[in-house]
Amino acid sequence: VQLQASGGGLVQAGGSLRLSCAASERTFSYYVVGWFRQAPGKERYFVAAISRSGGSTFYADSVEGRFTISRDHAKNTVHLQMNSLKAEDTAVYYCAADRDLTRTGLRRGEANEYHYWGQGTQVTVSS
């Protein structure tokens, strides 16, 4: 599956952005999807993940209550709604997908367990 991330941009602290991850296949519903972010000079960190059905979601502690992950099966798209953005949210955001990852794996939030990756979209939050 090919993934296309979009929706990044420049926003002031306290503002909102919605990222989208569009898939090339109609079988996207067979994949779990995660969002990760990477700031300059830092490792790639887990942000959020969603199960195949969309019924289970997982978040990093740093974004819990501010970010919401959701999926639209009809449009083969996963969204990441980001509210109350902070300067420390500044990073390149990547979406990733995998067909075999279990719920336990989703909870772990390990980047190396996802086989398919989008190209990344830059999010910059000015303070």
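- For the residue pair S20 / H79, a side-chain donor-acceptor distance below 3.5 Å is found, with atom types taken as modelled.
- Applying the salt bridge (Lys or Arg N to Asp or Glu O under 4.0 Å) criterion to R103, with sequence neighbours excluded, gives no partner residue.
- Both V63 and L85 are members of a single hydrophobic cluster when ILVMFWY side chains are connected at heavy-atom separations under 4.5 Å.
- Applying side chain to side chain contact (heavy atoms under 4.5 Å, CB included) to E25 and the options L3, N76, V1 leaves one that passes, V1.
- The line from CZ of R52 to CG of L101 is 7.0 Å long, rounded to the nearest 0.5 Å.
- Summarising the local packing, CG of N112 is surrounded by more than 12 heavy atoms from other residues, nucleotides or ligands at distances under 6.0 Å.
- A cation-pi geometry, defined here as NZ or CZ lying under 6.0 Å from the six-membered ring centre and within 45° of its normal, holds between R71 and F28.
- The ring pair (Phe, Tyr, Trp, His ring centres under 6.0 Å) test applied to Y94 returns no partner, not counting sequence neighbours.
- For the residue pair Y30 / R99, no side-chain donor-acceptor distance below 3.5 Å is found, with atom types taken as modelled.
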TODO: Show your reasoning for whether side chain to side chain donor-acceptor pair (under 3.5 Å) applies to R37 and Y93.
DONE: CA-CA 4 Å; R37 65 187 182 187; Y93 283 70; 2.8 Å; yes
- [ ] Just do the ring pair (Phe, Tyr, Trp, His ring centres under 6.0 Å) check on W117 and F36 with the steps written out, would you?
- [x] CA-CA 10 Å; W117 289 82; F36 293 79; 5.2 Å; yes
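- For Q122, the CD atom sits in a packed shell: over 12 heavy atoms of surrounding residues, nucleotides or ligands are nearer than 6.0 Å.
- No more than 12 heavy-atom neighbours from other residues, nucleotides or ligands sit within 6.0 angstrom of NE2 on H115.
- Side-chain atoms of S16 and N83 form a donor-acceptor pair, as typed in the model, at a separation below 3.5 Å.
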